[in-house]
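A quick note: this is a predicted structure, and the numbers were derived from the prediction, not measured.
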Amino acid sequence: GPVMAYFVAEGYLHTRNVKKYALRLGIFALVSWVPFCLFEFQQLPIYWMNGHFYIFPTFGVIYTLLLALLAVWLWDKGTCPKWVKILGIIGLCLLSVFGDWPIFDVLYALVLFCYRDNAKKKWFWFCIISIPVFLLGGFGIWGIFQLGVFMVPVLMQFFYNGESGSRHPVHKWFFYIFYPLHLLVLGVMQMM
């Protein structure tokens with residue numbers, strides 16, 4: 001979640017076309033819906049039961065990353081008053097509860113974008129947002145696992161140079177294809 005939110009903020013800065021970027025995220029959020037539900041819940045997101053169709057409105061992290069991109073775009077290019085932008089971002093955070101890494105990835109991307117030129121503020125606010133992630137994990141093994149979120153500032157400061165990545169099609173499309181494919185394989189394996 002947090003590393004991907006970081007790269008959504010960076011992707012927003014480096015993309016040639018934000019609309020195409022958002023469309024790509026939207027398409028792959030839909031493509032990932034079935035694999036995510038199979039992996040996470042061992043069921044299809046749309047099913048028939050007792051004479052009715054049911055829809056399971058839970059999406060993977062690409063859905064949340066789409067909302068994060070929209071939040072950054074609204075904050076950066078929105079021509080409305082600041083209070084309307086804040087309401088829009090609150091709305092995007094509320095919509096993110098249907099996705100993986102809800103609220104956090106939207107706020108991460110926004111903070112990482114807004115403070116991109118001030119490392120101290122960027123990582124301070126990143127860590128403030130991360131405290132509830134750790135606390136929600138509890139103090140067992142899941143809480144220890146969630147401590148990894150605090151490694152993101154270290155990894156990004158030492159291993160990312162701030163430049164746009166390769167535009168080679170394999171590099172551009174790898175994650176979009178890998179994410180739903182690996183969830184599908186893992187979901188099918190769990191159901192077996």
Tell me the closest heavy-atom pair linking [X] and [Y], and the distance in Å.
X      : Y      : value
Ile62  : Ser32  : CD1-OG, 3.8 Å
Phe150 : Ser130 : CE2-CB, 3.6 Å
Lys122 : Arg116 : NZ-O, 3.9 Å
Phe175 : Pro180 : O-CD, 4.3 Å
Ala5   : Ala109 : O-CB, 3.7 Å
Cys93  : Val106 : SG-CG1, 3.8 Å

In Å, rounded to the nearest 0.5 Å, how long is the span from [atom1] of [X] to [atom2] of [Y]?
X      : Y      : atom1 : atom2 : result
Phe59  : Leu95  : CZ    : CG    : 10.5 Å
Leu87  : Leu92  : CG    : CG    : 11.0 Å
Leu107 : Leu112 : CG    : CG    : 10.5 Å
Tyr179 : Phe36  : OH    : CZ    : 5.5 Å
Cys37  : Gln42  : SG    : CD    : 10.5 Å
Tyr115 : Lys120 : OH    : NZ    : 15.0 Å

Give me each pair satisfying side chain to side chain donor-acceptor pair (under 3.5 Å) with a member in residues 56-84, each pair once, sequence neighbours excluded.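 Only Tyr12-Asp76 qualify under side chain to side chain donor-acceptor pair (under 3.5 Å).
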
Would you check, one step at a time, whether the test side-chain contact (heavy atoms from CB on, under 4.5 Å) holds for Leu183 with Leu38? CA-CA 8 Å; Leu183 288 178; Leu38 287 175; over 6 Å; no

Test side-chain contact (heavy atoms from CB on, under 4.5 Å) on Val61 and Met4; report intermediate values, then the result. CA-CA 9 Å; Val61 73; Met4 292 182 270; 3.8 Å; yes

Under a 4.5 Å cut-off applied to non-hydrogen side-chain atoms, are [X] and [Y] in contact?
X      : Y      : value
Met156 : Val3   : yes
Trp101 : Pro2   : yes
Leu67  : Phe98  : no
Leu30  : Ile27  : no
Glu10  : Phe7   : yes
Trp173 : Phe178 : no
Leu74  : Leu70  : no
Leu13  : Phe113 : yes

Quick check against the 3.5 Å criterion: does [X] have a side-chain atom that pairs as donor or acceptor with the backbone of [Y]?
X     : Y     : answer
Lys85 : Gly78 : yes
His14 : Gly11 : no
Tyr21 : Leu66 : no

Would [X] end up clustered with [Y] when hydrophobic side chains under 4.5 Å apart are linked, directly or stepwise?
X      : Y      : answer
Leu94  : Ile89  : yes
Val72  : Val84  : no
Tyr6   : Met151 : yes
Leu155 : Val111 : yes
Val97  : Phe104 : yes

Who pairs with Trp125 by side chain to side chain donor-acceptor pair (under 3.5 Å), at least two apart in sequence or on another chain?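 Scan of Trp125 (side chain to side chain donor-acceptor pair (under 3.5 Å), adjacent residues dropped) gives none.
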
Checking ring pair (Phe, Tyr, Trp, His ring centres under 6.0 Å) for the pair Phe39/Trp33: CA distance, chi angles, key distance, verdict? CA-CA 10 Å; Phe39 170 71; Trp33 188 27; over 10 Å; no

